Structures are given as C-alpha cells and as structure tokens.
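One structure is given here, and the rest of the page talks about it.
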Amino acid sequence: MAAYVPPGWPAGVHPPGTEEFESTAVGWLLDVVPPDYRLHGVLRRHPLALAVMAKYHCQACVEGARNGYRTARTELGGALPPHAVDAVLSAYKREGSRLAANATAVGLLERALRGEVFRPKIASGQ
C-alpha cells in the first residue's frame, strides 16, 4: 500500500516514512526560503528546525503580499496607469495563491517531521 499524503503536500517530496522523505523535504524547504538559509548547516542536520524557520518565513511572505494587495491602488495609483495597477493586483493574487500554498505545504512537512501520520479521511455516510 502506498503511503498517504494529504492534499497540499508539496510535489517532489516523498511521503513520510519513506527512505527519501527527509532529504526531499529539506531540498523543497530550502527552495522556499531565502538562499542564505543554505549557509546554515544546522538546518540541513535538523530538518524540523528548517521547517519551523520556513513556516515563519512563509507566513511573513503571505502577510506581505496581503498588505501589498491592500495598499497597491493607494501607493501606485498616482504613479502608474490604471491598467498597470490592475496588472499589479493580478500579480499579487497569483503570488498570494502560490505563497499560501507554500505555507500550507510547509505546515504539512513540519507536522510530518514531528512524527504525525496522515490518514485519508472517510467521507461521512460511508
């Protein structure tokens, strides 16, 4: 039976309990944090520490995108033509979705690194 991973699990990361889980999780996590995080060997040696740091980084990115979206018209309205402001808002929406998905995936990896076992939910009435 194949190992179960919940919705939102990052592509390319092997399921928990498999031989490659930690190494693929570390690689994926290092791709979602600033490049300088790679300089800290402790984060490779202790994937949970990397996941926790990535969680806060991703949360800050999501909040930053939300703030940027909320203030874009005010900050850019006088400096850019309306179609450019609309394009910036569209970019914020796309980036916001990507950043939120990353934050969800980081949370799942953190839980798995803490030893949580994921199981599919049974639909009610079945």
Side-chain angles (χ1 to χ4, degrees):
M1 179 174 164
Y4 173 78
V5 292
W9 189 260
V13 176
H14 291 225
T18 62
E19 191 173 315
E20 296 296 317
F21 165 60
E22 279 197 12
S23 64
T24 57
V26 166
W28 187 87
L29 288 165
L30 286 171
D31 285 344
V32 299
V33 296
D36 287 349
Y37 281 41
R38 293 177 184 274
L39 301 175
H40 306 286
V42 68
L43 300 179
R44 287 182 188 273
R45 288 188 304 276
H46 300 283
L48 178 58
L50 174 59
V52 169
M53 289 181 76
K55 172 178 64 176
Y56 292 113
H57 172 75
C58 288
Q59 287 173 354
C61 288
V62 169
E63 188 57 33
R66 287 177 179 158
N67 286 337
Y69 183 86
R70 280 193 292 269
T71 62
R73 286 201 189 280
T74 304
E75 288 188 68
L76 301 173
L80 299 178
H83 71 276
V85 174
D86 289 340
V88 168
L89 291 171
S90 179
Y92 268 125
K93 283 182 185 179
R94 284 190 309 277
E95 269 306 288
S97 294
R98 184 188 67 79
L99 293 168
N102 279 351
T104 296
V106 167
L108 292 171
L109 289 179
E110 179 189 2
R111 290 167 52 194
L113 288 164
R114 290 185 184 277
E116 185 172 334
V117 176
F118 300 106
R119 291 184 175 81
K121 295 186 179 183
I122 298 173
S124 59
Q126 289 186 358

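Since the model is a prediction, treat every value here as computed from it, not as a measurement.
Note: the hydrophobic cluster containing Leu39 does not contain Val52 (ILVMFWY, side chain heavy atoms under 4.5 Å, direct or indirect links). In the hydrophobic cluster analysis, where Ile, Leu, Val, Met, Phe, Trp and Tyr join through side-chain heavy atoms closer than 4.5 angstrom, Phe21 is grouped together with Leu43.
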- Message: Determine whether Leu50 and His46 satisfy the following criterion, side chain to side chain contact (heavy atoms under 4.5 Å, CB included), listing intermediate values before the conclusion.
- Response: CA-CA 7 Å; Leu50 174 59; His46 300 283; over 6 Å; no
- Task: Kindly determine whether Arg73 and Asp86 satisfy side chain to side chain contact (heavy atoms under 4.5 Å, CB included), including the steps that lead there.
- Result: CA-CA 8 Å; Arg73 286 201 189 280; Asp86 289 340; 2.9 Å; yes
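The closest side-chain donor-acceptor pair between Thr71 and Glu75 falls under 3.5 angstrom.
Tyr37 approaches His57 most closely through the heavy-atom pair OH-CB, 4.2 Å. Contact record, Trp9 with Val5: CG-CB, 3.5 Å, taken as the closest heavy-atom pair. Among all heavy-atom pairs drawn from Ala3 and Pro16, the shortest one is CB-O, 4.4 Å. Nearest heavy-atom pair, Glu20 versus Ser23, reported as atom, atom and distance to 0.1 Å: OE1-OG, 3.0 Å.
In terms of modelled atom types and a separation under 3.5 Å, the side chain of Ser97 and the main chain of Lys93 share a donor-acceptor contact.
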Can you give me every donor-acceptor pair (side chain of residues 26-36, partner residue at least two apart or in another chain, under 3.5 Å) with its distance?
from: Asp31; atom 1: OD1; to: Arg38; atom 2: NH2; distance (Å): 2.7

Scan the side chains in residues 98-120 for donor-acceptor partners under 3.5 Å anywhere in the protein, sequence neighbours excluded, and list what turns up.
from: Arg98; atom 1: NE; to: Glu95; atom 2: OE1; distance (Å): 3.2
from: Arg98; atom 1: NE; to: Glu95; atom 2: OE2; distance (Å): 3.1
from: Arg98; atom 1: NH2; to: Glu95; atom 2: OE1; distance (Å): 2.6
from: Thr104; atom 1: OG1; to: Ala100; atom 2: O; distance (Å): 3.2
from: Glu110; atom 1: OE1; to: Lys55; atom 2: NZ; distance (Å): 3.3
from: Glu110; atom 1: OE2; to: Lys55; atom 2: NZ; distance (Å): 3.4
from: Glu110; atom 1: OE2; to: Arg114; atom 2: NE; distance (Å): 3.1
from: Glu110; atom 1: OE2; to: Arg114; atom 2: NH2; distance (Å): 3.0
from: Arg111; atom 1: NE; to: Glu116; atom 2: OE1; distance (Å): 3.0
from: Arg111; atom 1: NE; to: Glu116; atom 2: OE2; distance (Å): 3.3
from: Arg111; atom 1: NH2; to: Glu116; atom 2: OE2; distance (Å): 2.5

